[in-house]
Amino acid sequence: MCRCESARPARLADSFQEEIRLCDYFAMDLDEDSLSNSTINQLSMLSRNGLSETALLLYGRWWQFEDWLRQLAYVELRTKYGRDWVAQCNLSTYHQDNDAEWTHMLTRDNENLLAYFDFLKLSQLMCSNWVLFKHALPRRETWDSLVSELNMVRRRIAHLRMAHTDDLARLEQALRDLERGAFITLASYNDRWPARVAETPDPITGGWVKQEHVDAQRLLAHAETRYEVSFYLRTSHRPWSSSEGTLDGLSGRLWHAEFYSRQGSINVEEVWRNGHFKEARSLAVHVEVDSPNSFSLTFTDVDDRQEIADAIGGAFDAILMSLTPHSRQTEISDKDRTRKLRELNYKILAGTGWNIVDSSTVPITIFASGGGVNEAPSR
């Protein structure tokens with residue numbers, strides 16, 4: 001079971017009985033109901049001018065494939081090495097720094113170093129930290145062979161060459177091969193347990209479970225009674241996590257600081273830009289937004305626990321300041337809201353597998369390329 005002894009509100013997929021197509025959450029469905037008339041007209045014009053359906057599908061599948069690898073690499077490396085993961089992995093920021101000079105053209109990915117890695121470099125980085133990724137990828141020999149083959153596909157895409165007739169089939173087979181590992185990766189992130197106070201309380205559990213932190217004493221009861229905002233502290237473990245902790249933290253453990261508002265919505269953009277949130281913005285692995293009334297921060301245990309405890313307090317203040325009563329909320333569709341959140345920063349998760357998938361969300365297909373997971377695999 002997951003999330004035992006929890007009074008936490010159900011997440012989006014907890015009550016699903018039918019097979020879940022996660023691609024419906026990773027991206028907006030490509031049909032006439034979700035595409036604008038302008039987009040449909042442009043695609044039709046491109047088709048009439050020589051853009052084949054195969055080329056469009058191939059590009060989309062490659063985006064899906066490489067984007068998933070970047071998400072995977074970020075979570076495992078950030079969890080293992082903490083906020084200094086870039087230096088720990090000895091990664092160059094040359095291209096990222098050059099892009100930062102074009103201030104009028106920046107996107108959310110400018111802060112994401114892995115967005116500047118091509119496929120081969122990304123694969124090399126994962127292979128050099130194989131123990132962190134072997135749960136999510138085929139066996140090493142198979143992966144090495146697959147990388148060599150798919151890199152040929154990538155080169156044809158990157159240089160706008162004619163695709164081989166089997167390129168799309170190869171790529172979709174690769175996505176099917178990743179289904180099981182992707183499920184394990186996502187489910188382990190969301191299989192959470194209430195944080196327990198050890199014999200020697202650390203600043204996080206001592207501060208926010210025993211309420212010894214000054215901000216916990218100031219905010220927990222006040223937020224519940226005045227603003228109807230509840231706080232939960234939970235933990236999860238990556239599939240490669242070690243049971244041998246150190247004074248600096250337990251390798252592979254994540255902390256999840258979760259906030260739920262019953263009185264109004266949480267304005268994520270206001271929270272993100274609030275000065276009280278500055279430390280949490282830097283320290284968090286992710287910010288999860290499951291609904292307008294929820295907000296969750298993920299931290300890795302290898303980072304400084306006192307800094308994490310303090311960051312939770314700052315985030316709490318920012319969240320309370322951002323609350324908008326239901327009567328004053330601006331009407332916005334779920335689709336537009338999700339898109340805006342995704343564009344704000346790469347750390348913000350909305351409507352993704354990281355928000356949705358746990359051990360109970362089966363049967364499921366992550367990539368909708370013909371594969372799937374019918375029952376939760378043993379890890």
Side-chain angles (χ1 to χ4, degrees), residues 22-23 25-27 57-81 85-86 88-93 95-96 107-158 167-189 238-240 285-286 342 346-347 349 352-357 364-373:
L22 198 57
C23 63
Y25 297 97
F26 276 141
L57 290 171
L58 191 59
Y59 179 83
R61 286 298 191 187
W62 187 268
W63 179 91
Q64 189 181 29
F65 175 70
E66 190 166 323
D67 184 65
W68 166 248
L69 294 182
R70 288 174 179 172
Q71 294 178 45
L72 170 66
Y74 169 71
V75 168
E76 307 304 0
L77 293 170
R78 183 67 174 77
T79 302
K80 173 66 175 178
Y81 298 112
W85 69 277
V86 173
Q88 290 284 340
C89 295
N90 195 28
L91 305 180
S92 170
T93 62
H95 295 294
Q96 186 182 29
T107 70
R108 71 164 201 171
D109 279 340
N110 179 251
E111 295 184 29
N112 181 8
L113 177 62
L114 294 178
Y116 292 84
F117 277 41
D118 63 31
F119 173 53
L120 277 183
K121 190 173 182 181
L122 187 61
S123 177
Q124 291 166 0
L125 177 62
M126 291 192 294
C127 287
S128 65
N129 293 272
W130 187 252
V131 69
L132 306 182
F133 300 101
K134 63 181 182 179
H135 69 275
L137 301 174
R139 66 177 188 148
R140 179 65 184 272
E141 295 82 0
T142 304
W143 178 250
D144 288 342
S145 176
L146 185 62
V147 167
S148 298
E149 190 172 78
L150 290 181
N151 192 51
M152 291 300 298
V153 177
R154 178 195 174 276
R155 288 167 65 180
R156 283 194 278 267
I157 294 173
D167 280 353
L168 182 59
R170 287 189 180 97
L171 189 49
E172 290 182 334
Q173 180 61 57
L175 289 168
R176 289 194 290 272
D177 292 340
L178 293 179
E179 284 276 357
R180 180 182 182 276
F183 178 85
I184 292 172
T185 298
L186 298 170
S188 60
Y189 186 86
R238 306 308 303 138
W240 48 265
V285 177
H286 283 149
R342 290 175 178 175
Y346 77 97
K347 288 186 176 184
L349 304 176
T352 74
W354 304 99
N355 301 82
I356 297 165
V357 179
I364 187 172
T365 174
I366 307 294
F367 304 112
S369 65
V373 177

For residues H135 and E76, determine if any side-chain heavy atom of one lies less than 4.5 Å from a side-chain heavy atom of the other.
yes

Pairwise side-chain contact, D167 with R156, heavy-atom cut-off 4.5 Å (strictly under)
yes

Once rounded to the nearest 0.5 Å, what's the spacing between atom CD of E149 and atom CZ of R154?
16.0 Å

Among residues two or more places apart or on two chains, list those pairs meeting salt bridge (charged side-chain N to carboxylate O under 4.0 Å, His left out) that have a residue in residues 110-133.
none

dist L114:CG -> L122:CG (nearest 0.5 Å) comes out at 6.5 Å

If you round to the nearest 0.5 Å, how far is CD of E179 from CD1 of I366?
5.5 Å

Results of side-chain hydrogen bond (donor to acceptor under 3.5 Å, both in side chains) for R108 - residues two or more places apart only:
none

Determine the minimum heavy-atom distance between L69 and M126, stating which atoms define it.
CD2-CE, 4.1 Å

Quick one: does NZ or CZ of R140 land under 6.0 Å from the six-membered ring centre of W130, within 45 degrees of the ring axis?
yes

Within the 3.5 Å criterion, strictly below it, is a donor on T79 or W85 matched to an acceptor on the partner's side chain?
no

Could you pull out all residues at least two apart from R155 that satisfy side-chain hydrogen bond (donor to acceptor under 3.5 Å, both in side chains)?
none

Under a 3.5 Å threshold, yes or no: a donor from one side chain and an acceptor from the other, between Y189 and N355?
no

Which residues pass the ring-ring contact (aromatic ring centres under 6.0 Å, His included) test with Y81, sequence neighbours left out?
none

With sequence neighbours excluded, tell me which residues meet side-chain hydrogen bond (donor to acceptor under 3.5 Å, both in side chains) with D109.
none

Any donor-acceptor pair under 3.5 Å linking the side chain of Q96 with the backbone of Y116?
no

Under 3.5 Å, is there a donor-acceptor pair between the side chain of S188 and the main chain of I184?
yes

Using the ring centroid of each side chain, check whether W62 and Y59 are separated by less than 6.0 Å.
no

Could you pull out all residues at least two apart from S369 that satisfy side-chain contact (heavy atoms from CB on, under 4.5 Å)?
R61, E172, L175, R176, F367

Of the options W68, F133, Y346, which is the one that meets Y74 in a ring pair (Phe, Tyr, Trp, His ring centres under 6.0 Å)?
Y346

Are side-chain heavy atoms of W240 and K134 found at a separation under 4.5 Å?
no

Side-chain ion pair, R70 and E66, N-O less than 4.0 Å
yes

Is it true that a side-chain atom of S148 and a backbone atom of D144 form a donor plus acceptor pair closer than 3.5 Å?
yes

Give the minimum heavy-atom separation between R238 and V75, together with the two atoms involved.
NE-CG1, 3.9 Å

In T185, D177, L178, the residue satisfying side chain to side chain contact (heavy atoms under 4.5 Å, CB included) with L137 is L178

Can you tell me how far apart CZ (R78) and SG (C89) are? Round to the nearest 0.5 Å.
11.5 Å

Output the distance between atom CG (L125) and atom CG (L132), rounded to the nearest 0.5 Å.
9.5 Å

To the nearest 0.5 Å, atom OG1 of T352 lies from atom CZ of R342 at 7.0 Å

